[in-house]
Amino acid sequence: QVQLVESGGGLVPPGGSLRLSCAVSGRIFSNLAMGWFRQTPGKEREFVAAISGFGDRTTYVDSVKGRFTIGRELAKNTLFLQMESLKPEDTAVYYCAASQRATWSAEVDEYPYWGQGTQVTVSS
């Protein structure tokens with residue numbers, strides 16, 4: 001079993017930055033592909049970014065490329081999402097997710113483990 005706990009959300013003005021963290025426990029963190037997704041009311045959960053099980057590959061949705069960075073802090077068993085140049089359309093509840101494989105995926109169904117979510121609001 002894998003437990004995920006997100007933190008770091010909040011209110012930030014347009015152009016600002018936030019760093020989301022996801023504390024992982026229960027499995028070997030470094031072997032699992034992990035991802036960040038986001039969801040707004042009335043919409044499907046949307047893929048944001050993913051990292052492969054050994055951290056050698058990352059991928060992003062086009063709308064966040066060049067602004068967001070996904071990474072791992074192995075010593076802390078933590079996944080992070082560094083978000084820069086935030087826009088109002090980035091407002092959502094952000095979820096971290098863990099796969100059971102090393103290969104990353106952009107599909108919600110490939111991630112059996114989810115955190116509770118953290119709210120990010122970009123507004124002046």
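Note that these values count all heavy atoms, side chains included, but never hydrogens, waters or copies made by symmetry.
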Only pairs under 3.5 Å count here: list side-chain donor-acceptor contacts from residues 53-60, not counting sequence neighbours, and write none if there are none.
| from | atom 1 | to | atom 2 | distance (Å) |
| --- | --- | --- | --- | --- |
| D56 | OD1 | S52 | OG | 2.5 |
| Y60 | OH | I70 | N | 2.9 |

Taking only residues two or more places apart in sequence, or in another chain, which ones meet S17 in a side-chain contact (heavy atoms from CB on, under 4.5 Å)?
Q82, E84

Supply the atom-to-atom distance L79 CG to L32 CG, rounded to the nearest 0.5 angstrom.
10.5 Å

Sequence neighbours excluded, the answer for side-chain contact (heavy atoms from CB on, under 4.5 Å) partners of E89 is K87

Can you list everything that forms a salt bridge (Lys or Arg N to Asp or Glu O under 4.0 Å) with E46? Sequence neighbours excluded, please.
R38

Scan for salt bridge (charged side-chain N to carboxylate O under 4.0 Å, His left out) pairs involving residues 95-108, sequence neighbours excluded, and state none if there are none.
R101-E110

Can you name the ring pair (Phe, Tyr, Trp, His ring centres under 6.0 Å) partners of F37, sequence neighbours left out?
F47, Y111, W114

Is there side-chain contact between V24 and T78, with at least one heavy-atom pair below 4.5 Å?
no

Pairs meeting criterion ring pair (Phe, Tyr, Trp, His ring centres under 6.0 Å) with involvement of residues 71-95, two or more places apart
none

List the atom pairs, with distances to 0.1 Å, where a side-chain N or O of residues 117-124 and a protein N or O form a donor-acceptor pair under 3.5 Å, not counting sequence neighbours.
| from | atom 1 | to | atom 2 | distance (Å) |
| --- | --- | --- | --- | --- |
| T118 | OG1 | G9 | N | 3.2 |
| Q119 | NE2 | A92 | O | 3.4 |
| Q119 | NE2 | T121 | OG1 | 3.3 |

Roughly how far apart are L20 CG and S7 OG, rounded to 0.5 Å?
8.0 Å

Sequence-distant partners of D62, salt bridge (Lys or Arg N to Asp or Glu O under 4.0 Å), two or more places apart
K65

S99 and P112: which non-hydrogen atoms are nearest, and at how many Å?
CA-CD, 4.0 Å

Residue pairs involving residues 71-100 (criterion disulfide (SG to SG under 2.5 Å); sequence neighbours excluded):
C22-C96

Give, for atom CE of M83 and atom CG of L81, the distance between the pair rounded to the nearest 0.5 Å.
5.5 Å

When you look at L4 and M34, which way does the side-chain contact (heavy atoms from CB on, under 4.5 Å) test go after all the steps?
CA-CA 11 Å; L4 308 174; M34 297 197 67; 3.9 Å; yes

Chi angles and distances behind the side-chain contact (heavy atoms from CB on, under 4.5 Å) call for L86, F68:
CA-CA 9 Å; L86 283 161; F68 290 12; 3.8 Å; yes

Are the side chain of E6 and the backbone of Q116 linked by a donor-acceptor contact shorter than 3.5 Å?
yes

Residue pairs, two or more places apart or on separate chains, that pass salt bridge (charged side-chain N to carboxylate O under 4.0 Å, His left out) and touch residues 7-19:
R19-E73

